[in-house]
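Here is the structure we will look at.
To find a chain, count down the sequence lines: A is the first, B the second, and so on, and within it residues start at 1.
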Amino acid sequence: MAAIGLEHYLTVAALLFCLGVYGLLTKRNLVAILMSIELMLNAVNLNMVAFSRFITPDAFVGQLFAVFTITVAAAEVAVGLALIFSIYRDRATTSTEELDWMKW
Amino acid sequence: MASVAAFYLLAAVVLAAAAGVVFKRNLVHSALLLAVTFIGVAGLYILLAADFLAAVQLLVYNGAVAVIVVIGVMLTQKGDMKNSNPPNRMGRGLLVVVVLLAAGMLAAVLTTKWPVVAQPPPGETAGAIAGLLLGEFAIAFEAAAVLLLAAMIGAIILARGGENRGSHRT
């Protein structure tokens, strides 16, 4: 087996991102959509850490950006779930098919 | 080589668990497989010599995000979980689009000439990240702190409902 290079990590991250995109666009449940967004954010983080390791190993900026992404992701999931709770209390549903009252 | 085998194993775990998150029809299974995905990504961080980020990933994603998602599943699902996470009607067509997207991204990854430098991995990362966070990126660090505070307050206010709810109406 050949040594693991940058391309291997980028391939894994690209596939992970595509799975996230697919879930984001095809899921009916709001919580499942949040999960797909987390998958995409993880893929992006994996990319940045891989670039940091293989292209700028002594600069650490890639890892630092990943730290900020994790921060924003944590804030995003907290606010997202609070919104879902709020919607659930008002409409008793978390299905995107029924949350279409702004569609005309 | 052990690290090569570890990479393929972790990559397989991450991708299989992520596929499970997307394709499983039971929302609880999706939530648990999401935690598996996060652990696998933390393992990949360790292989990339990012030990601090691996710890952060385990603490923040597995300790906080996965648990919050599970609470979200618990509080918003009623009745049978068996078919709680169905795909919508666009599934088949979107699969084609996403496969094309993946093919495009992989083609870009594999054909680009990356300026890789052959250098041994840094031994210790937490100190260097701390120096950057409190030095060059101190303003971004503070902004992230304010963002977290704002998100926390916003989440609490949204989750407990408007002020016309509850007993202490003002």
Considering non-hydrogen atoms only, spot the tightest contact between [X] and [Y] and give its length.
X: B:K24; Y: A:K27; answer: O-NZ, 3.7 Å
X: B:V117; Y: A:P57; answer: CG2-CD, 3.4 Å
X: B:L158; Y: A:S86; answer: O-CB, 3.8 Å
X: A:F60; Y: B:E124; answer: CZ-O, 4.0 Å
X: B:A102; Y: A:L15; answer: CB-CD2, 4.5 Å
X: A:V72; Y: B:L147; answer: CG2-CD2, 3.8 Å

Any side-chain heavy atom of [X] sitting closer than 4.5 Å to one from [Y]?
X: A:I70; Y: B:L53; result: yes
X: A:V31; Y: B:V69; result: yes
X: B:S3; Y: A:I4; result: no
X: B:Y61; Y: A:V77; result: no
X: B:Q77; Y: A:N29; result: yes
X: A:M35; Y: B:V73; result: yes
X: A:L39; Y: B:T37; result: yes
X: A:L46; Y: B:Y45; result: yes

What part of [X] gets closer than 4.5 Å to chain B, counting heavy atoms only: side chain, backbone, both or neither?
X: A:E97; result: side chain
X: A:F68; result: side chain
X: A:A43; result: neither
X: A:F54; result: both
X: A:F17; result: side chain

Which one, [options], leads in non-hydrogen pairs under 4.5 Å with chain B?
options: A:L25, A:L30, A:L16, A:N42; result: A:N42
options: A:T71, A:L81, A:V79, A:L64; result: A:L64
options: A:I84, A:T93, A:L24, A:T94; result: A:T94

Heavy-atom pairs under 4.5 Å with chain A - which of [options] has more of them than the others?
options: B:T125, B:T76, B:L34; answer: B:T76
options: B:L44, B:V56, B:V14; answer: B:L44
options: B:L27, B:V41, B:L101; answer: B:L27
options: B:A143, B:A50, B:A145, B:A150; answer: B:A50
options: B:A64, B:A128, B:A66, B:A11; answer: B:A128
options: B:F38, B:W114, B:F23, B:F52; answer: B:W114

Please determine whether residues [X] and [Y] belong to a single hydrophobic cluster, defined as Ile, Leu, Val, Met, Phe, Trp and Tyr linked transitively by side-chain heavy-atom distances below 4.5 Å.
X: A:V12; Y: B:V4; result: yes
X: B:V22; Y: A:V44; result: yes
X: B:L48; Y: A:V61; result: yes
X: A:L34; Y: B:L32; result: yes
X: B:Y8; Y: A:L6; result: yes

A:F65 atom CZ, neighbour heavy-atom count above 12 within 6.0 Å:
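No, the 6.0 Å shell around CZ holds no more than 12 heavy atoms from other groups.
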
Donor + acceptor pair across side chains of A:N45, B:Q57 (<3.5 Å):
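Judged by distance alone, the side chains do not pair up.
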
Go through the steps to decide whether A:Y88 and B:L75 satisfy the test side-chain contact (heavy atoms from CB on, under 4.5 Å), and finish with yes or no.
CA-CA 9 Å; A:Y88 183 74; B:L75 290 184; over 6 Å; no

B:L110 CG to A:T11 OG1 distance, which is reported to the nearest 0.5 Å
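With rounding to 0.5 Å, CG (B:L110) is 5.0 Å from OG1 (A:T11).
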
Measuring from atom SG of A:C18 to atom CG of B:L15, what distance do you get when rounded to the nearest 0.5 angstrom?
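Answer rounded to 0.5 Å: 10.5 Å.
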
Contact part of B:V116 toward chain A, heavy-atom cut-off under 4.5 Å: side chain, backbone, both or neither?
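B:V116 touches chain A through backbone and side-chain heavy atoms alike.
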
Can you pull out the residues in residues 92-100 of chain B with any heavy atom less than 4.5 Å from chain A?
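Residues B:L94, B:L95, B:V98 are the ones that qualify, each having a heavy atom under 4.5 Å from chain A.
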
Pull out the residues in residues 131-141 of chain B that come under 4.5 Å of chain A, heavy atom to heavy atom, sorted by number.
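Only B:L132, B:L133, B:F137, B:A140, B:F141 of residues 131-141 of chain B have a heavy atom under 4.5 Å from chain A.
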
Indicate yes or no for a side-chain donor-acceptor contact from A:R53 to the backbone of B:L47 under 3.5 Å, with no hydrogens or angles considered.
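No, because the side chain of A:R53 does not come within donor-acceptor range (under 3.5 Å) of the backbone of B:L47.
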
